[in-house]
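The structure appears right after this line, and notes come after that.
Chain letters run A, B, ... following the sequence lines, proteins first and then strands; every chain starts at 1. Just so you know, these numbers come straight off a predicted model, no measurement behind them.
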Protein chains: 2
Amino acid sequence: MNNQRPLILVSNDDGITAKGISELVKFLRPLGEIVVMAPDTPRSGSACALTVNAPIHYQLLRKDVGVTVYKCSGTPMDCVKLALETVLERTPDLVVGGINHGDNSAVNVHYSGTMGVVIEGCLKGIPSIGFSLCSHEPGADFSAAGPYIRNIVSKVLEKGLPPLTCLNVNFPDTKDLKGIRICEQSKGIWKNEWENFAHRGDCHYYWLTGEFEDTDTDNERNDHWALANGYVAITPTTVDVTAYPLIKELKTWF
Amino acid sequence: MNNQRPLILVSNDDGITAKGISELVKFLRPLGEIVVMAPDTPRSGSACALTVNAPIHYQLLRKDVGVTVYKCSGTPMDCVKLALETVLERTPDLVVGGINHGDNSAVNVHYSGTMGVVIEGCLKGIPSIGFSLCSHEPGADFSAAGPYIRNIVSKVLEKGLPPLTCLNVNFPDTKDLKGIRICEQSKGIWKNEWENFAHRGDCHYYWLTGEFEDTDTDNERNDHWALANGYVAITPTTVDVTAYPLIKELKTWF
């Protein structure tokens with residue numbers, strides 16, 4: 001029998017100084033031994049990016065009872081890979097990303113460094129969960145999420161997750177949460193994504209912005225609907241991206 | 001009836017000066033009007049990363065009959081988003097990434113900037129294909145891939161692809177290609193990923209490396225098997241990453 005407390009690896013993409021990751025550690029602390037390895041600068045929009053053309057480095061920031069904190073010069077995915085191989089003495093029971101300052105539902109799952117953390121944990125065969133709040137405010141109020149996070153994490157520690165499968169959990173920005181919905185990833189599209197910033201000579205400068213258009217409206221199964229209606233959205237997410245339904249058809253093409 | 005030649009947007013993650021993208025343009029030129037918007041520096045391992053904290057810029061490099069080339073300071077995904085919104089006069093008929101110097105089969109689909117190009121095209125509703133060669137050599141020989149690329153692109157221009165679905169095409173590094181296999185994404189895991197590079201004071205430096213272990217061996221359906229056995233591997237790939245089989249089970253948890 002294993003008498004050790006669960007070991008939980010935590011990272012994010014807003015960086016080590018973000019409020020969201022401190023709040024997450026506070027919520028998780030009663031559930032296990034926590035090791036944090038998070039980027040030393042904000043890395044929003046990192047997705048599953050890796051640092052391949054230069055070395056990266058990490059430093060121990062502090063070691064308290066039950067919580068050890070490192071900062072790392074790499075991407076969110078680098079943080080997870082580096083912690084798993086060089087810092088942790090055993091495979092963690094759980095990898096957790098977040099709490100992200102900003103919505104990672106719908107197609108945002110592809111751009112999110114927080115979900116990069118989760119996808120890397122999942123690719124390594126470890127149950128993994130990402131938590132995000134629909135607010136970009138640095139001082140956002142994460143308190144309503146706390147009991148939900150503890151409940152979801154406890155359930156995953158108890159039951160595990162199937163291979164190649166992780167959870168993408170998003171909270172609406174309200175204290176009045178209506179409960180949990182198990183969701184599908186909303187379909188939709190980002191539009192008007194560039195602010196014309198400046199031109200210098202023949203060099204054209206643009207800054208990323210944009211509006212998300214949900215093309216899947218009134219679908220009560222999707223995560224965007226859940227968030228818009230005050231629910232916590234749990235979207236089970238796979239790292240096997242094979243489009244199985246197309247295999248048979250493609251075989252007739254060649 | 002549309003008498004215009006197909007418009008094909010090309011990008012990559014090895015950067016504008018890589019041999020692979022020049023070869024790709026050469027192969028595609030007979031099939032349509034080509035616009036290239038590619039990173040001005042190598043961006044391997046960019047995945048779906050975006051530049052969110054600073055403006056990016058692009059410049060026209062040259063405009064020949066049928067081929068217009070821009071370089072861009074952003075990530076591969078930035079390149080696609082920027083070209084679609086600010087450079088192209090109409091929605092392209094196809095987005096193509098590559099030819100990547102290096103294998104993007106199996107779990108590498110998650111780390112690949114070439115597949116970032118393809119995923120962004122697909123998220124925008126445009127048929128999209130990524131091409132990669134299993135060789136990291138700067139002077140790699142792409143010639144055997146040419147006829148296959150023209151065949152695959154012609155088929156996709158003719159038949160289209162279903163919503164939320166793109167193609168990840170990988171070539172083994174041989175002139176003796178045995179034909180096309182329609183594949184599933186191989187399961188497997190990267191191991192021994194960090195080279196201990198140096199330590200300065202309390203700062204620990206590591207450089208990314210690693211060995212891929214195929215945990216899915218002898219599965220003739222997977223892309224890793226196809227490449228190891230001399231076939232061109234086409235893996236249909238989805239951007240809807242919902243893990244549908246877990247939805248029912250999760251509903252019993254909460």
Which atoms of [X] are under 4.5 Å from chain B, going by heavy atoms: the side chain, the backbone, both sets, or neither?
{"X": "Cys183(A)", "value": "backbone"}
{"X": "Leu82(A)", "value": "both"}
{"X": "Tyr70(A)", "value": "neither"}
{"X": "Asn168(A)", "value": "neither"}

Chain A contact via [X] - which portion, at a heavy-atom distance below 4.5 Å:
{"X": "Val87(B)", "result": "neither"}
{"X": "Leu161(B)", "result": "side chain"}
{"X": "Asn196(B)", "result": "neither"}
{"X": "Tyr58(B)", "result": "both"}
{"X": "Thr237(B)", "result": "both"}

* Qualifying residues under side chain to side chain donor-acceptor pair (under 3.5 Å), relative to Thr114(B), sequence neighbours excluded -> Asp13(B), Asn100(B)
* Asked: Using a heavy-atom distance cut-off of less than 4.5 Å, which residues of residues 106-113 of chain A contact chain B?
  -> Val107(A), Val109(A), His110(A), Tyr111(A)
* Asked: Top residue by heavy-atom pair count (under 4.5 Å) with chain B, among Gly45(A), Ala49(A), Pro55(A)?
  -> Pro55(A)
Side-chain polar contacts of residues 246-254 of chain B - donor-acceptor pairs under 3.5 angstrom, sequence neighbours left out - could you list them?
{"residue": "Glu249(B)", "atom": "OE2", "partner": "Trp253(B)", "partner atom": "NE1", "Å": "2.9"}
{"residue": "Thr252(B)", "atom": "OG1", "partner": "Glu249(B)", "partner atom": "O", "Å": "2.6"}

* To do: Locate the shortest heavy-atom distance separating Ala243(B) from Thr238(A); write the atom from each residue and the value.
  => CB-N, 3.9 Å
* Pairs meeting criterion salt bridge (Lys or Arg N to Asp or Glu O under 4.0 Å) with involvement of residues 112-121 of chain B, two or more places apart -> Lys81(B)-Glu120(B), Glu120(B)-Lys124(B)
